[in-house]
Protein chains: 2
Amino acid sequence: MARRPLPPLNALRAFEAFGRHGRMTTAADELFVTHGAVSRQVRSLEDQVGVRLIEGPKNRLRLTEAGLKLAQSLTQAFDLVEQGLPKRPDKVEGLRVTVQPTFAMKWLIPRLPDFVDAHPDVPVSLHETNGPVDFAETDLAIRLGAAGTGIPAGAEATPFMQHYQGPVMAPGLLKGAPSIDAVAALPRLHTKTFAPAWAEWERRAGIALPRPPVDREFDHYFYMLEAAAAGLGVAMGPWAFVQRDLAVGRLVAPLGFVDGEAQITAITPRGGLSRPVRLFRDWLVAQGAQTPPPTGEGV
Amino acid sequence: MARRPLPPLNALRAFEAFGRHGRMTTAADELFVTHGAVSRQVRSLEDQVGVRLIEGPKNRLRLTEAGLKLAQSLTQAFDLVEQGLPKRPDKVEGLRVTVQPTFAMKWLIPRLPDFVDAHPDVPVSLHETNGPVDFAETDLAIRLGAAGTGIPAGAEATPFMQHYQGPVMAPGLLKGAPSIDAVAALPRLHTKTFAPAWAEWERRAGIALPRPPVDREFDHYFYMLEAAAAGLGVAMGPWAFVQRDLAVGRLVAPLGFVDGEAQITAITPRGGLSRPVRLFRDWLVAQGAQTPPPTGEGV
DNA sequence: GGGCCATTGTGCGAAAACCTCACAGATGGC
DNA sequence: GCCATCTGTGAGGTTTTCGCACAATGGCCC
């Protein structure tokens with residue numbers, strides 16, 4: 001007669017983090033626990049629901065179809081909870097940086113300790129959103145978009161990293177030799193936050209792809225990438241987001257990457273910038289220069 | 001750098017249950033814990049978010065505005081989680097009863113032990129939904145609606161309780177002597193699941209109300225009633241749902257109740273009913289007869 | 001093919017979170 | 001004023017969860 005026979009909520013939280021990261025270690029970092037704790041929680045959740053949520057070899061885990069569905073529901077649910085929470089009187093001081101969730105997870109957060117080490121006196125508060133930039137709420141925003149796009153009036157844009165992108169997929173999904181036709185025949189994965197990615201790639205690569213057998217759309221970049229890792233199809237992956245997954249072999253990019261039309265850009269209000277903002281912007285430029293470009297360069 | 005600085009999830013679950021019930025004791029029953037556990041969890045949640053979520057004297061608690069908002073977000077979030085969970089291979093045996101959430105909470109669940117005592121050999125599994133009836137999934141459905149409405153072809157309807165309804169509100173909200181004009185001047189609360197309630201009441205009472213100063217709509221019946229208890233306005237309350245709140249003084253119904261156009265009805269597939277279905281239907285009829293009608297009878 | 005790297009699985013003891021029990025405090029009705 | 005109905009809380013026990021350290025697994029490279 002229990003109205004909500006839900007699994008333990010902490011296990012759901014752990015699994016949700018795993019779902020976004022695709023790896024226990026980074027999910028554990030996010031939750032400030034050890035990877036062992038996440039491992040147990042995910043395992044216990046699987047026991048509870050009686051369905052496999054993850055599969056694959058231990059060093060290349062992927063979500064199952066059921067796991068992907070659950071993880072997406074959980075992300076949506078937790079977002080909803082966050083929205084419903086009353087805002088505390090904001091006494092967050094320091095540099096307010098607004099960034100897209102996937103960019104934060106895949107690129108910025110791993111590098112942030114470097115900035116903190118270099119400038120321990122400059123507190124940084126990250127705010128993750130896909131919404132438009134509001135300089136009443138933020139000091140510096142990072143956006144990925146065509147040059148000059150989405151930059152509000154009175155703002156200054158500082159590109160700090162080239163936006164390469166290319167089709168990525170699970171290692172083993174493409175059977176024979178890599179070819180454009182073979183890739184085009186796979187289910188194609190899309191994301192709501194950057195819908196024109198495939199069209200842009202076709203333009204830059206000088207190719208017109210035939211219609212894919214299946215199109216599938218995701219709310220978030222990271223779930224599209226997890227779906228790709230799970231072998232559900234081929235996604236258009238920005239280099240900065242998939243670099244790590246390529247390095248460890250969770251994804252492959254058989255056609256390489258092409259120069260995107262856009263650059264990844266730091267956006268600041270025009271005019272006299274405070275020292276923390278300048279420091280952070282310059283640090284971004286330096287980090288961008290240090291991020292290696294993709295090795296294969298084109299179709 | 002934690003991505004989700006959420007309050008403890010168990011506290012959120014406890015508060016969500018409180019939000020639906022409006023009382024710690026019944027919320028605790030739902031969660032299979034003691035009222036003390038719920039009390040602590042809610043308190044700790046308030047400390048965490050730094051905002052009062054409940055207020056009022058201890059025996060007539062109500063949600064604050066912030067609490068109402070949070071509770072609704074949480075209900076939606078938990079519903080989402082439930083939907084995302086993989087369905088376990090259904091080996092639930094016994095009588096499958098489909099019922100609207102508020103009717104379950106306010107009327108059926110408190111009486112269900114009586115049925116279990118009388119027929120311990122008939123397992124009952126409750127399924128709460130506002131959706132249409134699907135007899136592939138259910139053996140008996142309970143619906144509140146105008147006679148003949150929403151009853152699928154090939155089904156049989158057994159009304160078992162009269163549907164009285166009347167305007168209800170927090171005790172103290174109406175200042176002077178109760179009058180139709182005074183009630184009409186209050187903010188009016190509505191629910192998505194039974195939108196024509198006010199119009200029906202006006203018809204039955206032979207009154208045409210002027211437009212209210214404010215209209216406010218809720219996704220769920222129970223949140224509309226909690227909003228009424230919190231003093232946010234006047235709701236059209238079905239007798240069966242508000243009986244308990246009237247008895248303990250959380251709500252008052254200064255204009256009494258009128259006979260609704262509808263009856264509360266058990267819906268079964270036409271034709272030979274199994275013994276459990278017959279038993280349960282007959283029990284509903286008996287319980288309906290035992291539920292006292294409202295005392296004041298009309299405007 | 002053997003060693004190395006990155007990652008996840010697990011036994012054990014410690015720590016934290018949570019709950020129950022029992023009773024006190026509050027409020028309103030009669 | 002007394003009773004009935006709820007909620008608040010102190011003390012103590014139980015369950016859950018975690019960290020630590022190490023084992024296990026699979027892939028990659030030379």
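These numbers come from a predicted model, not from an experiment. Quick note on labels: first sequence line is chain A, next is B, and so on, each numbered from 1.
Listed by chain and residue number, nothing satisfies the ring-ring contact (aromatic ring centres under 6.0 Å, His included) test with A:F15 (two or more places apart in sequence, or in another chain).
Where A:R40 and B:H35 meet DNA chain C, the nucleotide closest to each residue was compared, and A:R40 sits on the side nearer the 5' end. Ranked by how close their nearest DNA chain D nucleotide is to the 5' end, A:G249 and B:I54 are led by B:I54.
Rounded to whole angstrom, the span from the CZ atom of A:R43 across to the C1' atom of C:dT10 amounts to 10 Å. For B:L251 and C:dG28, the CG to P distance is 15 Å, given to the nearest whole Å. When the P atom of C:dT8 is taken as reference, atom CZ of A:F18 falls 7 Å away, rounded to whole Å. If you take CE of A:M24 and P of C:dT10, they are 11 Å apart, rounded to a whole angstrom. The distance between atom CD of A:E55 and atom C1' of C:dT8, rounded to the nearest whole Å, is 16 Å. Between the CG atom of B:D29 and the C1' atom of C:dT20 there is a distance of 14 Å, rounded to whole Å. In this structure, the CG atom of B:L246 is 15 Å from the C1' atom of C:dG29, given to the nearest Å. Rounded to a whole Å, the CZ atom of A:R62 is 14 Å from the P atom of C:dT8.
A salt bridge links B:R20 with B:E30: the distance from a Lys NZ or Arg NE/NH1/NH2 to an Asp or Glu carboxylate oxygen falls below 4.0 Å. Salt-bridge formation is not detected for the pair B:K69/B:E226: no Lys NZ or Arg NE/NH1/NH2 atom is positioned less than 4.0 Å from an Asp or Glu carboxylate oxygen.
At a threshold of 4.0 angstrom between heavy atoms, the contacts of B:V38 with the nucleic acid are absent. Using a 4.0 Å heavy-atom cutoff across all strands shown, A:R250 reaches no nucleic acid atom at all.
Checking C:dT20, C:dT27, C:dC18 against the side-chain heavy atoms of B:Q41 singles out C:dC18 as nearest.
With A:R23 contributing its side chain and A:A28 its backbone, the two residues share no donor-acceptor pair below 3.5 Å.
When the side-chain nitrogen and oxygen atoms of B:N10 are compared with OP1 and OP2 of C:dC18, one or more of them lie within a distance under 4.0 Å.
Separation of the A:H220 and A:F218 ring centroids does not fall under the 6.0 Å cut-off.
Counting distance only, with no hydrogens placed and no angle test, the side-chain atoms of B:N59 and the base atoms of C:dT27 include a donor-acceptor pair under 3.5 Å.
Inter-residue side-chain proximity for B:R13 and B:L9 is flagged as unmet; no heavy-atom pair is nearer than 4.5 Å.
Extent of DNA chain D lying under 4.0 Å from chain A heavy atoms, first and last nucleotide in 5' to 3' order, is D:dT17 to D:dC28.
Under a cut-off of 6.0 angstrom, the local environment of CZ in B:R111 is crowded, with over 12 non-hydrogen atoms contributed by other residues, nucleotides or ligands.
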